[in-house]
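Comments concern the structure below.
Residues: numbered from 1 along the sequence shown. Order of appearance sets the numbers: ligands from 1, and atoms from 1 within every ligand. Nothing here was measured: the structure is a model prediction, and the numbers come from that model.
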Amino acid sequence: MGKFGAGLRKVLGLEKQSPYVREYFYASNMRANIYMSAIIIFLECWMIVRTTRKIIIGEYAEPFSYYFDVYYKNYFLLLGTAVIVLLFSVRFLRGKKDSHAVGQGLRYFFCFICIYFGIKISINDYSKGEQILTFLTMIIYAVCMQIWKPLPGIAILTASYAYLFWRLSGIPAHNTGLTELTSATKINGFTMWLGTALFSFANYNRILMQALKDEHLEEINAHLNEISVKDELTGIHNMLYFRQEAEKMLGYVTTDSEHLIYLFLDIENFKSYNQKYGFHEGNALLVKIAQTIETAFKGSLVARFSDDHFVVLTSDETCMEQIGKISEQIKLNQGEVHLDLKVGAYKPDDAETDPSVACDRARFACNSIKKHYDRSFRYYDKTLEKQFRLKHYVVNHIDSAIEQGHIKVFYQPIVSTQDGCVCGLEALARWDDPQYGLLPPGMFIETLEEYRQIYKLDQCMVEQVCRDYAESAKEGKPFAPVSLNFSRLDFELCDIVGILTDMAKKYGVPMEYLDVEVTESALADRQDLLPNAIRNLRKIGYKVWLDDFGSGYSSLNVLKDYQFDVLKIDMQFLAEFGSNEKTMPILTNVILLSKKLNMLSLTEGVETQEQFDFLRSVGCDRAQGYLFSKPVPLSELYRKFESGELRIKTAENE
Ligand code: C2E
Ligand code: CA
Ligand code: CA
C-alpha cells in the first residue's frame, strides 16, 4: 500500500508541495488566466455588440428589461470578472507580488461565474431544444484554469454536472416531451464528466512533473553557482567572486570610494606550521583564520587569494583595528611556530582601477615587508610604485632584452687558496637596459622566477658562456671553468640539461669547463624532477655545486640525500666574521664536513685578506669575493689577467 498510496496521493495532488512547486503552479495558473480571460472578454464584447445590434434593427422585440435580465446582466458579469482577472494576472507577470490568496480566490470566483453562466445558458438552450454546448465549453474552461490541485477542481466539476443534469431532468425534452433524461444522455453526461476529470488530473500531473524537473535543475544551478564562487577549503569566497563583486561595488554610486582600501594578508611562516603539525592541522588552522578574517571584516568583501593569502576590500577607517584583532587571534593559534601576519594595503586612486591590478599592488606591498620582522603593515607607496613598474617592465621585456642582447654575462673569479690563482669563474647575469641602465640580478631574477620566465634567461646565459669560451679559445686568451646558476624552475620548464649539452657541443666546450650551481632551497621541495636532473648531470660528467649552503633550513638533509662536487658556503657566514665568535668554529667544521663527504669547499663573499688567510688555514679549497674581483665583463677580465691583477693557472706558472 505504501508505494501505491504515495503514488495515488501524488496523482491526486494530495502531497505537500515545496514552495517552489507551489509558486510554479501559481504562475502557470496566472498565465492560463490571461488567455482564458482574454478570450472571454473578446467573446462577451462580441455578444454585447451582437445583441445590441439585433435590438436596434428590431430583430429582438421584447422590452429591454427582458434582454437585460436574460443577456446583458450575465454578459457584463462575465466581462467584468474577466477584466479583473486579466488585470490581476498581468500585474503578477509584470512582477507585482500580490497575495496568493487573493489570486486563488479570484480564480475560483471566475471559474464559478463561468460555470454558472454555462449552466444558465445551457438550461435555456435545452428548453429551446438546442444542445448544452455552452456548459461543456465553460467546463473545459474551468478545467484549464484549475491547474492547481485537481481535487477541488474535480469537486467543482462534479457538482456542476450533477446540478445541471438535475435541472435538465425537470425540463421536458423538446422532441419527446418527457422530463426524465434518457439513458443515452445520462451515459453521455457521465462520459463527459469522466473525460474532463481525467483531463484535469493529467493536466495537473504534466505541470507537476515539469515543476519538479525545473526545481531540480534550479537546485543544481544554485549549487554550481555556490561552489564556483566559494573556496573549497575554507568555505569563504574565492577570487572569482571577489573580482566580480569588487567591480560591482566600485560601480555603485553609493560606495564611499574615498575610503576604499584593498588589503592583502599573508601569514608568514605558515610553511613551518605545515611542516611541524602536518597538512591536516595546517588546513584546519587556515579554515579558522579565514573565518576570523571574515568575521573581523563583516560586511566587507573577503576572499582567499591562494595558499595562506587573503584579500579584503573594505573601508580604511576601521581596518587597522580589525587587522590587530586578526593578528592577535593568529598568535593565539600558532602553537610552537612563530606566525606573523603581514598586510599590504592599496588605496585605489580612482574607481577605475581594475580589482586584479589593485590586489596585485596590495600583494606587492605585502611582499616588500616579508622577512622584515619589525614591520607588519605597508601601504603601496611611491617607492613601491617604482619597483612595481620595474617588475612589470621586466616581465614584459625579457624576450626583447634577450633578442636585442641586453642580457650580459659578468664573470667573477674563483680563487684557489693554495696558490691564489683563478681556478674558476662564476657567470652572473646583468641586464643592460636602455631605459633603466645596468640592472643587477636582484632586480629581475626573483620576478622572472615568480612569472616562470627564468629559464629564458638561463638558456641565454648558457649560450653566451659557451660563445665566450669559443672566442677565448680562438684568440688564445685565458679562460677558466665557468659555473652557471640554474634555477629550480629551469628543470621544470625546459630541458636545461639537454640545452647545456647541445650548446657545449655546438661551441666545442669541453665538459670540464661547465659547472652547474643549484641552491639548497631548490631542493627543499623534494620534487623528483630536480634530484633526477642532478644525478643525470653528474652521470653525463658535469660537476654540480651546492650554492648558498647554510642560508636555508634543511642543509644537512640535503647533504645526506644528494651528492655534490662543490659545497659553496653562503657569504652570510663571513659577513659576521668579525662580530660573531661562533662563525670561525662553524666554518671550520663545515669545511671539515665537506672533506668527509668528498666535496670541495668554496666560501663566498671573501672581502678581506684576514678572512682569506683564515679560510686557507682551516683547509677551505676555494674562495670567491670582492677581495679578488667583483663580477666583471669578459673584456675587463682579460684586462685583469693581462695586467697581472689576476693570475690564472697556465703551463708556465704551474
Ligand atoms: P649568488 O649565486 O649567490 O651569487 C653571488 C652574489 O654575491 C653575486 O651577486 C655577487 O656579485 C655577490 N658577491 C660576490 N662576492 C661578494 C663579496 O665579496 N661581497 C658581497 N657583498 N657580495 C659578493 P649578484 O651578481 O648580484 O647575483 C645575485 C644572485 O642572483 C646570485 O647569487 C644568483 O642567485 C642570482 N643570479 C645571478 N645570475 C644568475 C643567472 O644567470 N641565473 C640565475 N638563475 N640566477 C642568477
Ligand atoms: Ca651562485
Ligand atoms: Ca651563492
Side-chain angles (χ1 to χ4, degrees), residues 394 398 401-402 406-415 422 424-432 438-466 468 481-494 496 499-500 503 514-523 530 533 543-552 555 558 564-578 590 601-612 615 622-633 636-637 646:
V394 164
I398 179 65
I402 290 173
H406 297 322
I407 303 297
K408 302 263 156 70
V409 185
F410 274 39
Y411 293 96
Q412 187 178 32
I414 295 164
V415 166
V422 173
L425 301 166
E426 178 173 12
L428 293 157
R430 297 291 181 268
W431 183 321
D432 193 5
L438 195 68
L439 298 172
M443 299 184 86
F444 55 88
I445 296 284
E446 208 178 306
T447 305
L448 291 177
E449 289 199 322
E450 186 183 335
Y451 286 84
R452 300 170 80 83
Q453 304 283 307
I454 186 74
Y455 70 96
K456 295 180 179 168
L457 176 104
D458 286 341
Q459 285 179 15
C460 167
M461 292 290 286
V462 169
E463 171 141 33
Q464 286 196 61
V465 166
C466 291
D468 284 350
V482 177
S483 58
L484 289 148
N485 290 284
F486 279 2
S487 160
R488 173 180 66 85
L489 291 171
D490 293 345
F491 300 95
E492 200 180 302
L493 300 171
C494 70
I496 192 78
I499 289 164
L500 183 70
M503 285 298 160
L514 295 171
D515 296 346
V516 172
E517 294 188 16
V518 292
T519 59
E520 56 176 331
S521 61
L523 288 155
L530 190 50
K543 295 207 163 51
V544 182
W545 302 13
L546 180 60
D547 199 0
D548 299 343
F549 179 78
S551 65
S555 318
V558 168
F564 297 97
D565 300 284
V566 176
L567 185 71
K568 233 180 157 181
I569 301 161
D570 195 68
M571 64 182 79
Q572 200 52 45
F573 285 105
L574 281 189
E576 293 178 32
F577 186 73
V590 170
S601 53
L602 189 168
T603 307
E604 294 186 272
V606 181
E607 293 184 353
T608 65
Q609 188 62 40
E610 191 197 352
Q611 292 170 344
F612 183 60
L615 289 170
R622 295 172 177 190
Q624 178 185 358
Y626 293 170
L627 177 64
F628 317 105
S629 169
K630 288 194 168 179
V632 291
E636 174 76 8
L637 188 74
L646 289 174

Check: Is the closest N or O pair between A429 and ligand 1 shorter than 3.5 Å?
Finding: yes
Checklist line | Heteroatom distance test (Q624, ligand 1): nitrogen or oxygen, under 3.5 angstrom | finding: no
Regarding [atom]: of the candidates [options], which has the closest heavy atom?
{"atom": "atom 31 (C) of ligand 1", "options": "D547, L428, L448, D490", "value": "L428"}
{"atom": "atom 24 (P) of ligand 1", "options": "S483, C460, P441", "value": "P441"}
{"atom": "atom 36 (N) of ligand 1", "options": "V465, I445, I414, D570", "value": "I445"}
{"atom": "atom 25 (O) of ligand 1", "options": "M443, R430, E426", "value": "R430"}
{"atom": "atom 12 (C) of ligand 1", "options": "K568, M571, E449", "value": "M571"}

Measuring from atom [atom1] of [X] to atom [atom2] of [Y], what distance do you get when rounded to the nearest 0.5 angstrom?
{"X": "T447", "Y": "Q453", "atom1": "OG1", "atom2": "CD", "answer": "11.0 Å"}
{"X": "I414", "Y": "L425", "atom1": "CD1", "atom2": "CG", "answer": "7.0 Å"}
{"X": "I454", "Y": "I445", "atom1": "CD1", "atom2": "CD1", "answer": "4.0 Å"}

Note to self: When you measure from the Ca ion (ligand 3) to the N, O or S atoms of E517, does any of those distances fall below 3.0 Å?
What the structure shows: no
Check: Would you say D548 reaches the Ca ion (ligand 3) with an N/O/S atom under 3.0 Å?
Finding: yes
Looking at [X] and [Y], what are the two nearest heavy atoms and their distance?
{"X": "M571", "Y": "G605", "answer": "CB-CA, 3.7 Å"}
{"X": "A427", "Y": "N485", "answer": "O-ND2, 3.3 Å"}
{"X": "S629", "Y": "Q412", "answer": "O-NE2, 3.1 Å"}

Write out the residue and atom name of the closest protein heavy atom to [atom], then the distance separating them to 0.1 Å.
{"atom": "atom 16 (C) of ligand 1", "value": "Y626 CE2, 3.3 Å"}
{"atom": "atom 34 (O) of ligand 1", "value": "N485 OD1, 4.6 Å"}
{"atom": "atom 42 (N) of ligand 1", "value": "D458 OD1, 2.6 Å"}
{"atom": "atom 5 (C) of ligand 1", "value": "E604 OE2, 3.6 Å"}
{"atom": "atom 21 (N) of ligand 1", "value": "E607 OE2, 3.3 Å"}
{"atom": "atom 15 (N) of ligand 1", "value": "Q412 NE2, 2.9 Å"}
{"atom": "atom 11 (O) of ligand 1", "value": "P631 CG, 3.3 Å"}

Check: Does a sphere of radius 6.0 Å around CD in E446 hold more than 12 heavy atoms from other residues, nucleotides or ligands, not counting ones at 6.0 Å or beyond?
Finding: no
Next item on the list: Please assess D565 against D515 for the test side chain to side chain contact (heavy atoms under 4.5 Å, CB included), listing each intermediate value before the final yes or no.
Entry: CA-CA 9 Å; D565 300 284; D515 296 346; over 6 Å; no
Item checked: Q459 side chain to I496 backbone, donor-acceptor under 3.5 Å -> no
Checklist line | Expected output: side-chain E636 to main-chain P633 donor-acceptor under 3.5 Å | finding: no
Next item on the list: Give the atoms of ligand 1, by number and element, whose distance to some non-hydrogen atom of D548 is under 4.0 Å.
Entry: 3 (O)
Item checked: Subset of ligand 1 atoms that lie under 4.0 Å from at least one heavy atom of G605 -> 16 (C), 17 (C), 18 (O)
Check: Nearest to the Ca ion (ligand 2), which N, O or S atom of E426 do we find?
Finding: OE2
Check: Just heavy atoms, cut-off under 4.0 Å: does V606 contact ligand 1 by side chain, backbone, both, or neither?
Finding: backbone
Checklist line | OD1 (N485) to the Ca ion (ligand 2) to OD2 (D547) angle, given to the nearest 10 degrees | finding: 90°
Margin query: The test is side chain to side chain contact (heavy atoms under 4.5 Å, CB included); show your working for V590 and F549 and say whether it passes.
Written below: CA-CA 10 Å; V590 170; F549 179 78; 3.7 Å; yes
Note to self: In the complex you have, is atom 9 (O) of ligand 1 within reach of the protein, judged by whether a heavy-atom distance drops under 4.0 Å?
What the structure shows: no
Margin query: So, applying side-chain contact (heavy atoms from CB on, under 4.5 Å) with L484, which one of D458, V465, L428, V409 is it?
Written below: V465
Next item on the list: Salt-bridge test for E492 and R452: reply yes if a basic N is under 4.0 Å from a carboxylate O, no otherwise.
Entry: yes
